A.B. asks: 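Let me give you the structure first, and then I'll get to my questions.
Values in this document were obtained by computation on a predicted structure and should not be read as measured data. Quick note on labels: first sequence line is chain A, next is B, and so on, each numbered from 1.
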2 protein chains.
Amino acid sequence: MANAKLNDAELADKAIETFRAYGYEGTSLNRLAEATGLEKASLYYRYPGGKDEIVLAAVKRVGQWFGENVLQPLAVTGSPEQRVRIVAKRLREFYGDGSKPCVLDTLSLRGGAPELQAALRVALKDWLSAFAAIAEKSGFAHDQAALRAEKAVIDIEGALVLSRVLEDNKVFLRALARLRKLLTEA
Amino acid sequence: MANAKLNDAELADKAIETFRAYGYEGTSLNRLAEATGLEKASLYYRYPGGKDEIVLAAVKRVGQWFGENVLQPLAVTGSPEQRVRIVAKRLREFYGDGSKPCVLDTLSLRGGAPELQAALRVALKDWLSAFAAIAEKSGFAHDQAALRAEKAVIDIEGALVLSRVLEDNKVFLRALARLRKLLTEA
DNA sequence: GTCTATATTAAGATAGAC
DNA sequence: GTCTATCTTAATATAGAC
């Protein structure tokens, strides 16, 4: 790690950008080498398990980042409305105004290792839990809060798909504009 | 075509099942050969352009099928409510109760040819137009009808992503249960 | 029209120099 | 820790028999 060109976090960040755009099968080690600026052999030195190990590290890292920067603001001070507004802003950045796919979507196609699918499932459940918590704090009953959270994540994921296919970010931005109402208003 | 094991429609149907599950990059000719029961060389004989030509043919075919079997019922006799109920049923079949991904999602990752992306965009626009038309017939103003259609397709696409990641079809079935209200009720 | 066999290119993966 | 070089396997693609 002394002569490292990139630290692990930087490497994971570069890698995840490739994975979220091309998916697991579409991300070759050549593409990863190009994206990170490291040669394939260097990637194998740091991740002997190859692509499987890299994608797991990248997903773990992005999950952590998402938790700290997007979901954590839901648990701090401020009204539920204010918190959701901040989260919507973070989501807009995270998804590049709707131009960057969600890893939960593009990495969940068939072909990925079971450990990858398990990691994605955990990340999604964390997301749903955080949204359900803020909905419950806004006054929804437990079950209704869970349903609102589900609808909110569906709205974001679906809008990302439509924005990608239509090449029109406005679809995603409209979905983000619905988020506060969906999670905090009856 | 005389000694063909499969006709073009059958071949496209087998191929699309592989493409929707694995995506474009994840679908190798070996997988297509296995799925169709034909050898790779036979696939090249019928589609000299290889995978690019096969995926376009498959998308064209599924788009046609979707139009005739899912969207066309929206334009026949019956109340808007009845028509949407039928469409929800067809969608449930088309997506295998939520277990089969949408080609618009899994084939729109980076890596596919521009012609493929264009074909997906046309298919999605057709879908949105058909949903918007039934919403307008239900009494929504033109713009509101278009928004309802967008929300409805987002709901379906997003729910498919969540169902896939969570391995829980109930998420998708809940979305389908919302469809009639979304397209026909104020 | 489909097959077996083969050629060619790219992907995954390792060895050894610096 | 990263590199160049190389190996191995799988992918795309074609040739020619039936």
A.B. asks: Any side-chain N or O of Tyr44(A) less than 4.0 Å from the OP1 or OP2 oxygen of dA13(C)?
C.D. replies: yes
A.B. asks: Which of the following nucleotides, dA11(C), dT14(C), dT2(C), is nearest to the side chain of Ser28(A)?
C.D. replies: dA11(C)
A.B. asks: For DNA chain C, whose closest nucleotide is more 5', that of Ala41(A) or that of Tyr24(A)?
C.D. replies: Tyr24(A)
A.B. asks: One thing to verify: whether Arg61(A) and Asp8(A) come together as a salt bridge, which I'm taking to mean a side-chain N less than 4.0 angstrom from a carboxylate O.
C.D. replies: no
A.B. asks: What's the closest nucleotide to the Leu38(B) side chain, out of dT14(C), dT2(D), dT2(C)?
C.D. replies: dT2(C)
A.B. asks: Phe66(A) vs Phe94(A) aromatic rings, parallel, tilted or perpendicular, using cut-offs 30° and 60°?
C.D. replies: perpendicular
A.B. asks: Please work out which of the three classes, parallel, tilted or perpendicular, describes the rings of Phe19(B) and Tyr24(B), given edges at 30° and 60°.
C.D. replies: parallel
A.B. asks: Give a yes or no answer on whether the side chain of Arg20(B) reaches the backbone of Pro101(B) with a donor-acceptor pair at less than 3.5 Å.
C.D. replies: yes
A.B. asks: Among the candidates dA13(D), dG1(D), dT4(D), find the nucleotide nearest to the side-chain atoms of Glu39(A).
C.D. replies: dT4(D)
A.B. asks: When you get a sec, tell me which of dC3(C), dG12(C), dT2(D) is the closest nucleotide to the side chain of Ala4(A)?
C.D. replies: dT2(D)
A.B. asks: Does Asn3(A) put a side-chain nitrogen or oxygen below 4.0 Å from OP1 or OP2 of dT2(D)?
C.D. replies: no
A.B. asks: Has Arg31(A) got a side-chain N or O lying under 4.0 Å from the OP1 or OP2 atom of dA10(C)?
C.D. replies: no
A.B. asks: Please determine whether a side-chain nitrogen or oxygen atom of Lys40(A) lies at a distance below 4.0 Å from atom OP1 or OP2 of dA11(C).
C.D. replies: no
